[in-house]
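Reading through the structure tokens given below for one structure.
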Amino acid sequence: MTPVNDLIVRAAGCVLWRRSPVDGELEICLVHRPKYDDWSHPKGKLKRGEDPLAGALREVAEETGHSAEPGAQLPTMRYLANGRPKEVRYWAAEAGPGAFAPNEEVDRLLWLSPTAARVRLTQPRDRSLVDSLLQSLRLA
């Protein structure tokens, strides 16, 4: 019999942010995944035995081309995906050096104001992470 814990899809990601190079205002990174035609925070499934924070930073690098400096842990999202329970752990992370290059998994990237990011996010559950980021940065 398979333990219930093995049925949970474990994933991790970051609410990636930076200060705009134009006006210094806060910007949040969203990625577009053509497979799902959605806009989301960079995230992905953890490899077997992978530390969640390490996995979150790996996913940011793979999906955005940027390194990231992790900050506060944000709320964990739990929901059903394809009939299986999924748990995604998130961190606030400041974007470091890097450059985006479209790939099979992510074809577009946007840096948006918190308000615009909330509107663009496909899943309503992801919008609360914008608020959590602002609280962690003491901007809310």
Side-chain angles (χ1 to χ4, degrees):
M1 202 162 126
T2 306
V4 171
N5 244 8
D6 288 351
L7 298 177
I8 298 172
V9 177
R10 300 198 184 281
C14 293
V15 179
L16 191 65
W17 65 275
R18 72 176 186 186
R19 291 286 174 186
S20 166
V22 176
D23 60 13
E25 293 296 314
L26 183 78
E27 293 181 327
I28 295 173
C29 177
L30 298 185
V31 295
H32 181 262
R33 302 178 304 166
K35 178 178 177 180
Y36 303 104
D37 190 24
D38 71 351
W39 288 94
S40 69
H41 302 290
K43 67 176 183 302
K45 291 183 188 121
L46 295 174
K47 296 178 179 177
R48 186 177 299 279
E50 185 175 31
D51 174 75
L53 178 55
L57 296 174
R58 175 184 54 75
E59 286 292 338
V60 165
E62 288 175 5
E63 294 189 356
T64 72
H66 287 270
S67 63
E69 185 62 40
Q73 187 165 356
L74 301 176
T76 297
M77 296 288 139
R78 293 177 178 88
Y79 53 94
L80 285 179
N82 300 318
R84 288 182 63 192
K86 186 168 186 175
E87 179 179 284
V88 187
R89 294 180 61 185
Y90 283 98
W91 282 265
E94 185 174 7
F100 174 70
N103 58 62
E104 276 187 23
E105 203 175 342
V106 174
D107 63 351
R108 289 186 283 164
L109 176 147
L110 291 174
W111 289 99
L112 300 170
S113 70
T115 301
R118 269 191 213 92
V119 171
R120 183 63 65 112
L121 283 161
T122 302
Q123 293 296 329
R125 66 177 166 261
D126 290 340
R127 296 177 188 144
S128 66
L129 290 166
V130 173
D131 299 324
S132 297
L133 170 71
L134 297 178
Q135 289 169 355
S136 79
L137 297 174
R138 306 286 185 261
L139 299 174

Open item on the list: Run the side-chain contact (heavy atoms from CB on, under 4.5 Å) test on Y90 and Q73 for me, step by step, so that the C-alpha distance in whole Å, both residues' side-chain angles and the decisive distance to 0.1 Å come before the verdict.
Closed with: CA-CA 6 Å; Y90 283 98; Q73 187 165 356; over 6 Å; no
Could you state the interatomic distance from [atom1] ([X]) to [atom2] ([Y]), rounded to the nearest 0.5 Å?
X    : Y    : atom1 : atom2 : value
K86  : K45  : NZ    : NZ    : 5.5 Å
E59  : K47  : CD    : NZ    : 8.0 Å
L16  : E69  : CG    : CD    : 11.5 Å
L74  : S132 : CG    : OG    : 5.5 Å
L133 : E94  : CG    : CD    : 10.5 Å
L46  : E87  : CG    : CD    : 9.5 Å

Task: Residue pairs passing the ring-ring contact (aromatic ring centres under 6.0 Å, His included) test where at least one lies in residues 32-74, sequence neighbours excluded - done: H32-W39, H66-W111
Open item on the list: Consider side-chain contact (heavy atoms from CB on, under 4.5 Å). Of P114, S113, P21, which one does E27 pass it with?
Closed with: P21
Can you list everything that forms a side-chain hydrogen bond (donor to acceptor under 3.5 Å, both in side chains) with [X]? Sequence neighbours excluded, please.
X   : value
R58 : E50, E62
R89 : none
D38 : R33
D23 : S20

Open item on the list: Side chains of S40 and L30, heavy atoms from C-beta outward: is any pair under 4.5 Å?
Closed with: no
Task: Beyond-backbone contact of L134 with L26, side-chain heavy atoms, under 4.5 angstrom - done: yes
Task: Trace of the side-chain contact (heavy atoms from CB on, under 4.5 Å) decision for I28 with R118 - done: CA-CA 10 Å; I28 295 173; R118 269 191 213 92; over 6 Å; no
Open item on the list: Has E63 got a side-chain atom pairing as donor or acceptor with K43's backbone, closer than 3.5 angstrom?
Closed with: yes
Open item on the list: Applying a strict under-4.5 Å side-chain criterion to I, L, V, M, F, W and Y, I'd like to know whether F100 and V31 cluster together.
Closed with: yes
Open item on the list: If hydrophobic clusters are built from ILVMFWY residues whose side chains come within less than 4.5 Å, do L137 and L129 share one?
Closed with: yes
Task: Taking every non-hydrogen atom, the tightest pair across V60 and C14 - done: CG2-CB, 3.6 Å
Task: Closest heavy-atom pair and its distance - T64, C29 - done: CG2-SG, 3.9 Å
TODO: Evaluate the criterion side-chain contact (heavy atoms from CB on, under 4.5 Å) for residue pair L121 and V130; output intermediate values, then yes/no.
DONE: CA-CA 10 Å; L121 283 161; V130 173; 3.9 Å; yes
Open item on the list: Other members of the hydrophobic cluster containing W91, with the 4.5 Å side-chain heavy-atom rule, please.
Closed with: L53, L57
